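Single-structure report; data block below.
Read the numbers this way: they start at 1 and go in the same order the structure lists the ligands and their atoms. Here the structure is a predicted model, which is why all the values come from computation and not from measurement.
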Amino acid sequence: MDKKVLITGVAGFLGSHLAKDLLAAGCVVVGVDNLLSGKITNIKGLPEDRFIFKEMDVCSRKILTDSDMKNIEEIYHFASAASPKYYQASPFETIDVNTIGTKNMLELAKRNQAKMVYTSTSEAYGDPEVHPQPETYRGNVNTWGPRACYDEAKRLGEVLCYLYFTEYQTKVKVARIFNTYSAGLANDDGRVISNFVTQALKGEDITVYGDGTQTRSFCYVTDTINGLKLLMEKDEANGEIINIGNPVEFPILEVAHLVKGLVNSESIITFHPLPKDDPKVRRPDIEKAKRLLGWEPVYSLEEGLALTVMEYRTKLEIQ
Ligand code: UDP
């Protein structure tokens, strides 16, 4: 029988990408989304015979007894706003989906003896004082600030995974995902790559926050999805936290120039106040992913950006 997989946050950036990938591989996909930040257009046209969409909230206990959840073999728990713009606009929902929602998904995994991948975040490291960040680094998160609702909720989500693994031997694995991108990000998503490419294509100002010396490490979506699938597959990863990200680091100002150059844009690079608690550096140590999963990214930022620019051009109908 075809493998039955549950994806929460299926109408989001990563969820919709993974759904297409798994459907193409012959899986039956049950996709859940409450459409708070996900977009229904992301899952339009998926094959109805093997894709079941449920508009529901993973925080509802009803999900545990829903008949479509029977015989689920794998759970990818992606549901959550992930862009600072969106999680800060819905802080309580962000906390709930990563805590109550994660507990529900773990319970479902336990009852079905299913495997589960929980998508945590590099934000678990906060504004890091150790660089690059290995999984053993415990982080530097401010509980009293605008990012706390996301960072601390994801950290508590990890705690729940730890408890289900140690108490019930649930086959759960945690991915700490670092900045991921592609044209799958909505143009108004608010994250840096979608902002810069959209601005450059439209000839609008490219908005650098702060002086642009803060760094991030960007992973193309195909690489991230491949890492997450391997994480699901490998039993060695049960009960483990693994960084999934590209270890090549860029200052944000350099990204602005790179995008401007690739688009051949007339846009002007402008500087704006740095948001509170914006991490100064971020780069994953991916030795554990290499060792346990045999995974590392293959797309360079230049290659990934070229694809992103091409697809956004089509989406925005800019020649
Ligand atoms: N950023 C920026 N201009 C933008 C959007 C973001 O300079 O239009 C910066 C932001 O301040 C941060 C980095 O780019 O330093 C990455 O921001 P993003 O919101 O993409 O994700 P984060 O890694 O902060 O969660």
### Message
Contact between ligand 1 and R147 is defined here as a heavy atom of the residue under 4.0 Å from a ligand atom; is it met?
### Response
yes
### Message
Within the 3.5 Å criterion, strictly below it, is a donor on N238 or K171 matched to an acceptor on the partner's side chain?
### Response
no
### Closest approach of any protein heavy atom to atom 20 (O) of ligand 1, naming residue and atom
V192 N, 2.8 Å
### Task
Go through the side-chain N and O atoms of S182 and E311 and say whether any donor and acceptor fall under 3.5 Å apart.
no
### Message
Quick check: do F218 and V255 have side-chain heavy atoms less than 4.5 Å from each other?
### Response
yes
### Query
With backbone taken as N, CA, C and O and side chain as the heavy atoms from C-beta onward, which portion of I193 lies under 4.0 Å from ligand 1: side chain, backbone, both, or neither?
neither
### Message
Please state which option from Y181, F196, Y209 has its nearest heavy atom closest to atom 7 (O) of ligand 1.
### Response
Y209
### Query
Side chains of Y87 and N98: do they bring a donor and an acceptor to under 3.5 Å?
no
### Task
Say whether R282 and ligand 1 are in contact under the criterion: heavy-atom distance to a ligand atom below 4.0 Å.
yes
### Query
Do Q88 and Y150 have a side chain donor and acceptor closer than 3.5 Å?
no
### Query
Between T207 and ligand 1, which part of the residue brings a heavy atom under 4.0 Å of the ligand: side chain, backbone, both or neither?
both
### Task
Could you list which atoms of ligand 1 come closer than 4.0 Å to a heavy atom of V208?
7 (O)
### Closest protein heavy atom to atom 8 (O) of ligand 1, given as residue, atom name and distance to 0.1 Å
N195 ND2, 2.8 Å
### Query
Salt-bridged, E158 to R176, with N to O below 4.0 Å?
yes
### Query
Do F78 and V28 share a hydrophobic cluster, counting only Ile, Leu, Val, Met, Phe, Trp and Tyr and linking them when any side-chain heavy atoms are less than 4.5 Å apart?
no
### Query
What residue and heavy atom of the protein are closest to atom 13 (C) of ligand 1, and at what distance?
I252 CD1, 3.7 Å
### Pairwise side-chain contact, F196 with V208, heavy-atom cut-off 4.5 Å (strictly under)
yes
### Message
Could you check whether Y220 and N246, counting side-chain N and O atoms only, form a donor-acceptor pair closer than 3.5 Å?
### Response
no
#### Entry: Proximal ligand 1 atoms for R191, defined as those under 4.0 Å from one of its heavy atoms
18 (P), 19 (O), 20 (O)
#### Entry: Heavy atom of the protein closest to atom 15 (O) of ligand 1 (residue, atom name, distance)
D278 OD1, 2.6 Å
#### Entry: Nearest-option assignment for atom 23 (O) of ligand 1, heavy atoms, candidates R216, K85, E123, Q214
R216
### Task
Note the single closest protein heavy atom to atom 21 (O) of ligand 1, along with its residue, its atom name and the distance in Å.
N179 ND2, 3.6 Å
